[in-house]
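Source: prediction; values computed, not measured. Computed from heavy atoms alone, side chains included, the values below leave out hydrogens, waters and symmetry copies.
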Amino acid sequence: MGSNEDVMISVKPGVTGGSFMVRGTAVLTNVPANITVTPVNDGSVFVGANATSSSSRHVFNLGTLQVHRLVCLFRFKIWWMIPCFGTSGGDIPAETQMLLLEVENKFYVLILPVLDGQFRTSLQGTPDNELEFCIESGDPDVQTTKIKEPVFVNSGNNPFKLIRNSIKILEKHKGTFKHIDNKQKPEHIDWFGWNTWDAFYCNVDPEGIKDGLESFSKGGCPPKLLTIDEGWQNIFPSYEENPTGELSRLINLEENTKFKGSKLDKSGKNLRDFIKTIKQKYGLKYVYIWHAMAGYWGGVLPESEVMKKYNPKIQPVVQSPGNLTHVVCSTLDNIQEKGIGLIDPSKIRDFYHDFHSYQASCGVDGVKVDVQSVLELLGAGYGGRVSLTKSYLGALEDSVTETFKSNNLICSMSLNTDFLYSTKKAAAARATEDFMPNEPTFQTLHVAAAAFNSLLIGEIIVPDWDMFYSDHITAEFHGAARALSGSAVYVSDKPGSHDFDIIKKLVKHDGSILRARYAGRPTRDCLFNDPVTDGKSLLKIWNLNKLSGVIGVFNCQRAGIWPPIKGSIYMPAPGSGIPISGIASAGDVDALEEVAGENWRGHCAVYACLSGSLKTMLKDAKFQVALEHLKCEVFTVSPIWAFSEDLRFAPIGLLDMYNSGGAVEAMDSENKSSECKIKVRIRGCGRFGAYSNKRPKCCSMNEKDEEFIYNPIDGLVTVKVEGEYSSREMVFVY
């Protein structure tokens, strides 16, 4: 991938003899003459095309694509993406937003449809294995006959570095968005949270919220983040008046009657009093609140006296043909029929400022903003979908940072490239469709989709893997996945329905979490295997901590089919009652060298969280994992450090946490002729473990001697860490 990786690629991709060549290999054949190639940087190019007539939407043929393993990310609904796997152009669905190819088992090619001016691009295949790209403005008055930079193509030897470096090239070249490294991350992502949605849905009220906070507190796991989801706003028709599901619109900026007056009991008179009360009583650090991008699902009510100052009007909805080829979300039915009460883009900054200022005055610390992709349907007359998204998103981002004095924003239902390549500040967004506790065939698809989607979106935002129930048949499956995700951890338990054993494997005593450093992504050998429907593949997800790596292995088979459709049935694989076996290695942590130290010799300590076993092995040594349906295992991979000719040591972390290694902050040593001291700084309490090839003479913590247990068979040293310290130093003396 050019200077982005180890080898300089001197020949840029281009068309030769009707074939699109990358590193001397034909990736596409039968490339039409109207295709253009524009070099960008270090072996990457933009691919464009010329048309014979002007239009607001064009579909161009790029050529024939076949005999390459591929994975793509496509929108199966207007709001959400899932992966798709194949070997040719015919396997690529409409609305594909990322395409990764493995070329002759030698290197990888990344094809990204991006934004070019007022046009948004997507990929799609044909039955003849042609790869096409579609550009569209979403406004009949915004037309073109040629497009120069709609599709970005790059290649590399490492798929994760390839995606990362490509997004950084695009960030610099396009200037329309920021890489996650260049954004302020929201404060909530390091703290345990509770979202009210699956606990109450739209029936949320103060009494229910207090009941939930009380039950968490009694269990010893009070959340530090509360998100009051949908159900608190003033809408018409109201929640109580709308049993048939009519399209509601926002009528003012204040809370509805559930959060006012006598219904608050002893919690005051309004939302402000209620939030003040629960913050003081339950130790909440953050209270976020929900609203839709346009105010509510149906936008705002134009007839409302409060809303007239924002100049709203009913805007008709026009869906892209690409969206109509997939699952048309039922929530769009009413919107399609009645349109959206859309605030004038020139007034949207005023609206967000007023809305968020009121919320901040009530003690709200941030917002979850939903239904964002609806803007792509409303671009006619406003310069198109990209222009409208940029207007709204820029206003939203600025309002959040200015009003809440921090980047406390969760974006949701926003997985279109209009959002991804326009966000300069938003740093957290939902990675997948909702956790749906009553849909048994959605559970493993949820985890698999979040991991694959994070390949792309994890370079732009912190992927939010959504809430889950801690008291659910899939709780451990979801909990382990959240521990690897690198994102926030929050549940949506009903009051009194909790499994605190699950929660305590994710959350420290102070309410913080052991969040991994990056977005959790599939391991390299899993990228082109369908972990849900092929009947044989396990899903492996990797991430990094400060001094270790972590691998989660999940059996996602027998979990329905792509895409997730309500009421679907299990699709049993042959012998589905038998565990599925797969191969793992410490080297599945793709960037382990980042944390291993200069003199690392490739040896690792690998600790299995759920089975409690410890093994040592070389990085590339393979070991077998066998898992039944909906089962998982989490492995902490800690590089073994050589502190002398005969002393080997590797910190593992808190053994009873899913992401054990997330508790290890730093390690240092003092070598003298008579002894060696290994100093490990940790956070949290519980059973701390480390690998040592010999028994320590003694162990101390904060200069106090501690008892420890040493197992000479596997080399596991365990120390019980107690107390409420946020961070402490543990010293092992040899």
Side-chain angles (χ1 to χ4, degrees), residues 1-52 58-72 86-92 96-114 116 119 121-135 144-159 161-163 165-170 172-174 527-528:
M1 198 175 67
S3 60
N4 297 323
E5 292 201 49
D6 300 327
V7 180
M8 175 65 74
I9 304 301
S10 58
V11 180
K12 296 181 184 296
V15 178
T16 302
S19 294
F20 188 82
M21 307 295 292
V22 180
R23 299 192 179 196
T25 301
V27 174
L28 295 164
T29 58
N30 303 316
V31 177
N34 67 328
I35 295 299
T36 63
V37 178
T38 304
V40 187
N41 183 34
D42 295 339
S44 60
V45 298
F46 283 113
V47 177
N50 297 315
T52 57
H58 291 282
V59 176
F60 296 104
N61 175 20
L62 276 170
T64 304
L65 172 67
Q66 51 191 342
V67 201
H68 301 302
R69 289 209 300 169
L70 64 86
V71 59
C72 58
T87 57
S88 63
D91 297 319
I92 300 170
T96 286
Q97 300 189 134
M98 187 198 87
L99 175 60
L100 181 68
L101 310 175
E102 183 185 57
V103 179
E104 297 181 351
N105 204 27
K106 295 179 180 178
F107 61 93
Y108 301 90
V109 173
L110 178 67
I111 303 177
L112 292 176
V114 293
D116 193 3
F119 286 83
T121 315
S122 61
L123 302 175
Q124 60 193 38
T126 74
D128 295 325
N129 290 326
E130 294 167 331
L131 177 63
E132 299 177 334
F133 72 90
C134 170
I135 64 164
T144 190
T145 57
K146 61 182 179 179
I147 193 89
K148 187 178 181 181
E149 298 184 350
V151 179
F152 177 83
V153 182
N154 206 353
S155 66
N157 300 320
N158 180 304
K161 290 181 180 179
L162 169 60
I163 297 171
N165 293 330
S166 294
I167 294 299
K168 289 200 166 189
I169 291 170
L170 285 168
K172 182 177 180 180
H173 183 85
K174 292 286 189 179
L527 288 175
F528 303 99

Original post:
By salt bridge (Lys or Arg N to Asp or Glu O under 4.0 Å), which residues pair with Glu130, not counting sequence neighbours?
Top reply: none

Original post:
Got a sec, which residues hit salt bridge (Lys or Arg N to Asp or Glu O under 4.0 Å) with Glu132, two or more places apart in sequence or on another chain?
Top reply: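 Partners of Glu132 under the salt bridge (Lys or Arg N to Asp or Glu O under 4.0 Å) test: none.
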
With sequence neighbours left out, write down each residue that passes side-chain contact (heavy atoms from CB on, under 4.5 Å) with [X], or none if nothing qualifies.
X: Ser122; answer: Glu95, Arg120, Cys134
X: Thr36; answer: Asn50
X: Ser88; answer: Gln66, Asp91, Asn129
X: Val45; answer: Lys12, Pro13, Phe20, Val37, Val47, Val153

**OP:** Return the set of residues passing side chain to side chain donor-acceptor pair (under 3.5 Å) with Lys168 (not counting sequence neighbours), or none when no residue passes.
**Re:** Asp181

Original post:
Does Ser19 have any side chain to side chain donor-acceptor pair (under 3.5 Å) partners at least two apart in sequence or in another chain, and if so, which?
Top reply: none

**OP:** Could I get the full list of ring pair (Phe, Tyr, Trp, His ring centres under 6.0 Å) partners for Phe133, not counting sequence neighbours?
**Re:** Phe60

Original post:
Restricting to pairs with a member in residues 27-52, which pass ring-ring contact (aromatic ring centres under 6.0 Å, His included), not counting sequence neighbours?
Top reply: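 Sorted pair list: Phe46-Phe152, Phe46-His173.
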
Residues 105-112 side chain polar contacts: donor-acceptor under 3.5 Å, at least two apart:
unit_1 : atom_1 : unit_2 : atom_2 : d
Lys106 : NZ     : Glu104 : OE1    : 3.4

Subject >> salt bridge (Lys or Arg N to Asp or Glu O under 4.0 Å) contacts touching residues 24-40 (sequence neighbours left out) >> reply: none

